[in-house]
Amino acid sequence: MLTRDSPDRVPPRPFPTYDELSYEDCLTNHLLPNTPFLLSSKTTATWPCTAWRLPHTEAGPSRPNLDALRKYGRHVVPVANTLQREFSEFERDEQALSEVLDLWAGGKGEGLYVKDWHIFEEIEKEGGAAVSVYTVPKCLRDDWLNPPFDEGARSHAHSPETIDNTLGDFRFCYLGPRGTFTPLHRDVYGSYSWSANVVGRKLWWFFPPDQLERVKDSRGELVFDVREMEEEGGGIKVVQEEGEVIFVPSGWHHQVVNLDFCISINHNFFSSPTLPRVFDAMVAAQHRVEESIADILPMIKQRLGEGGPWREEWVEEVQALLERDAGWGWRGFWKTVRRNVKNPPGGIYSPPTSMRNEVVASVIARYKQLQEWDILHDAREDVLQVERCVA
């Protein structure tokens, strides 16, 4: 019997799938125009984490080899109960991975979904290397959010400058049974993302930035689950097969449901091609914060006087809330840009330097129109360093 999540109900795949994709073609056809694509299972065929699949001879997706994950059992992982909604997310807890694996092995925990497990950060803290699990596709290595991927590494040995995790780690592992899902959302900071199915298949709904009206409720808020909407909000549906990698463009909302027991490796990332969109996302996040606390601005002015340093206090207040709400402020933004301009992570898998410099310079020019340029002196020093690098 067909269900609403059945792959048989999905129209032909609307995005290209590549066995091989050069960085130049990726940049021209997808990173710059901001469009989705998939890489075939050939990309992941030699990854060590394919040991997380049980051997099978029948057609179709694999079953998970939970015992292969028990060596990470001591990792404390975020666990979402996808059967219990809590406001705009799911009820969440933290558990040892071994405890969750025990539940699944015993036929329990059907709604539990391990999300945002920082497996690679944990491995590196223990002296290992991410390459013991997977290999970042070459066309996706220009990553300004995460430590540079070193294909030859056997241990974690990045310099302090390249591992300065101002923002945290954005390399994750997700695993959960059939039916567990991630509600409608877009990725942090206006970033790109990619997701590789190690085990099982996923069903995706994609919504380009200009096609969100049908997934808003009566209050103008985005819905939690597009399956509750007529025609599922008109989303672009894609079944991602086992072994495939899917690229999510900046600013595209999406929802994902596991069609089988799924294990995936996911990255959020950005680089110079999407830096203007990340800048726009920061400006929008700042405006939301300013609107939410607009009532205190007159009090600051009254206390410090029109001729006093009220602008400085207001900007600092907004930045503090922005860092809590959005995860970073202008200081984190420019520190991240500086680190990556001075130490490009992608090597040959990066845009031409002249293209990168032009994009970065355009974002600097826009930032200089904001009052934060005059007030946030430590961020200004980072901007000046970036400016010298791209001049």
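Numbers for residues simply follow the sequence, beginning at 1.
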May I ask whether Val257 and Val239 are part of the same hydrophobic cluster, defined by side-chain heavy atoms of I, L, V, M, F, W, Y residues being less than 4.5 angstrom apart, directly or through others?
yes

Does some side-chain heavy atom of Val245 sit less than 4.5 Å from a side-chain heavy atom of Thr44?
yes

Flag side-chain contact, heavy atom, 4.5 Å: Thr35 against Asn29
no

Side chain to side chain donor-acceptor pair (under 3.5 Å) partners of Ser22, counting only residues at least two apart
Asp25

Output side-chain donor-acceptor pairs under 3.5 Å for residues 279-292, partner residues at least two apart or in another chain, one line each.
from: Asp280; atom 1: OD1; to: Arg366; atom 2: NH1; distance (Å): 3.3
from: Asp280; atom 1: OD1; to: Arg366; atom 2: NH2; distance (Å): 2.5
from: Gln286; atom 1: OE1; to: Gln319; atom 2: NE2; distance (Å): 3.2
from: Gln286; atom 1: OE1; to: Trp330; atom 2: NE1; distance (Å): 2.7
from: Gln286; atom 1: NE2; to: Glu290; atom 2: OE2; distance (Å): 3.3
from: Gln286; atom 1: NE2; to: Glu372; atom 2: OE2; distance (Å): 2.9
from: Ser292; atom 1: OG; to: Val289; atom 2: O; distance (Å): 2.7

Which residues, ordered by chain and number, are linked to Val76 in its hydrophobic cluster, where ILVMFWY side chains connect at heavy-atom gaps below 4.5 Å, directly or through other members?
none

Centre-to-centre under 6.0 Å for Phe206 and Trp204, is that the case here?
yes

Which residues pass the side-chain contact (heavy atoms from CB on, under 4.5 Å) test with Pro36, sequence neighbours left out?
Phe15, Pro249, Trp252

Only one of Val256, Leu259, Ile246 passes side-chain contact (heavy atoms from CB on, under 4.5 Å) with Gln240, and that residue is Ile246

Between Phe181 and Arg227, is there a cation-pi geometry (under 6.0 Å to ring centre, at most 45° from the normal)?
yes

If you measure from CG on Leu304 to CD on Gln302, what distance do you get to the nearest 0.5 Å?
10.5 Å

Sub-6.0 Å ring centroid separation between Phe170 and Tyr189:
yes

When rounded to the nearest 0.5 Å, the distance separating CG of Leu112 from CG of Asn81 is 5.5 Å

For residues Cys139 and Trp194, determine if any side-chain heavy atom of one lies less than 4.5 Å from a side-chain heavy atom of the other.
no

Mind checking whether Trp328 and Leu321 sit in one hydrophobic cluster, side chains of I, L, V, M, F, W, Y counted as touching below 4.5 Å?
yes

Would Val278 and Phe333 count as a side chain to side chain contact (heavy atoms under 4.5 Å, CB included) here? Give the steps.
CA-CA 9 Å; Val278 176; Phe333 177 93; 3.9 Å; yes

Over 12 foreign heavy atoms within 6.0 Å of CD, Glu86
yes

Heavy-atom check, side chain of Asp143 versus side chain of Val136, under 4.5 Å:
no

Report the residues that fulfil side chain to side chain donor-acceptor pair (under 3.5 Å) with Tyr134, sequence neighbours left out, ordered by chain and then residue number.
His267

Where do Ala130 and Phe120 come nearest, in terms of heavy atoms and distance?
CB-CD2, 4.0 Å

Return the minimal non-hydrogen interatomic distance between Glu110 and Pro177, and the atom names on each side.
O-CG, 3.5 Å

Where do Asp116 and Tyr174 land on the side chain to side chain donor-acceptor pair (under 3.5 Å) test, with the steps shown first?
CA-CA 6 Å; Asp116 302 331; Tyr174 281 42; 2.6 Å; yes

Contact list for residues 210-222, test side-chain hydrogen bond (donor to acceptor under 3.5 Å, both in side chains), sequence neighbours left out
Glu213-Lys216, Arg214-Glu231, Asp217-Arg219

Are the side chain of Tyr192 and the backbone N or O of Leu31 linked by a donor-acceptor pair below 3.5 Å?
yes

Separation of Leu140 CG from Cys26 SG (nearest 0.5 Å):
5.5 Å

Got Pro64 and Trp104 here, is their nearest side-chain heavy-atom distance under 4.5 Å?
no

Those residues at least two apart in sequence (or on a different chain) that pass ring pair (Phe, Tyr, Trp, His ring centres under 6.0 Å) with His118 are Phe172

Is the ring pair Phe37/Tyr18 parallel, tilted or perpendicular, if the boundaries are 30 and 60 degrees?
perpendicular

Could you tell me whether a side-chain N or O of Arg74 sits under 3.5 Å from a main-chain N or O of Lys71, the two making a donor and an acceptor?
yes

To the closest 0.5 Å, what do you measure between CD (Glu242) and SG (Cys262)?
8.5 Å

Hey, does the side chain of Thr82 reach the backbone of Gly111 with a donor-acceptor pair shorter than 3.5 angstrom?
yes

List, one per line, each side-chain donor-acceptor pair under 3.5 Å for residues 375-384, sequence neighbours excluded.
from: Asp378; atom 1: OD1; to: Arg331; atom 2: NE; distance (Å): 3.1
from: Asp378; atom 1: OD2; to: Arg331; atom 2: NE; distance (Å): 2.7
from: Arg380; atom 1: NE; to: Trp373; atom 2: O; distance (Å): 3.2
from: Arg380; atom 1: NH2; to: Trp373; atom 2: O; distance (Å): 3.3
from: Asp382; atom 1: OD1; to: Arg338; atom 2: NE; distance (Å): 2.6

Residues forming a side chain to side chain donor-acceptor pair (under 3.5 Å) with Glu313, sequence neighbours excluded
Arg303

Less than 4.5 Å apart, any side-chain heavy atom of Phe270 and any of Val188?
no

Inter- and intrachain pairs under side-chain hydrogen bond (donor to acceptor under 3.5 Å, both in side chains), touching residues 351-360, at least two apart:
none

Not counting sequence neighbours, which residues clear side-chain contact (heavy atoms from CB on, under 4.5 Å) with Asp260? List them please.
Pro61, Arg201

Nearest heavy-atom approach of Val114 to Leu97 is CG2-CD1, 4.5 Å

Check for me, please, whether Val77 and Val198 land in the same ILVMFWY cluster - side-chain distances under 4.5 Å, paths through other members count.
yes

Same hydrophobic cluster for Phe90 and Leu184, using side-chain heavy-atom links shorter than 4.5 Å among ILVMFWY?
yes

Do Leu103 and Trp117 land in one hydrophobic cluster if side-chain heavy atoms of ILVMFWY residues count as linked below 4.5 Å?
yes

Side chains of Leu21 and Phe247, heavy atoms from C-beta outward: is any pair under 4.5 Å?
no

Below 4.5 Å, heavy atoms only, C-beta onward: do Phe261 and Ser62 meet side chain to side chain?
no

Taking the basic N atoms (NZ, or NE/NH1/NH2) and the acidic carboxylate oxygens, is any pair closer than 4.0 Å for Arg13 and Glu241?
no

For Ser195, the side chain to side chain donor-acceptor pair (under 3.5 Å) test, sequence neighbours excluded, returns Asn266

For Phe269 and Ser191 the tightest heavy-atom approach is O-CB, 3.3 Å

Are the aromatic rings of His185 and His253 close, with centres under 6.0 Å apart?
no

Closest approach of Trp47 and Val133, non-hydrogen atoms and distance?
CB-O, 3.9 Å

Supply the atom-to-atom distance Asp169 CG to Leu145 CG, rounded to the nearest 0.5 angstrom.
9.5 Å

Can you tell me how far CD1 of Ile263 sits from CG of Leu175, rounded to the nearest 0.5 angstrom?
5.5 Å

Does atom CZ of Arg85 have more than 12 heavy-atom neighbours, drawn from other residues, nucleotides or ligands, at distances under 6.0 Å?
yes

Closest contact, heavy atoms only, Ala45 versus Thr50:
O-CG2, 4.1 Å

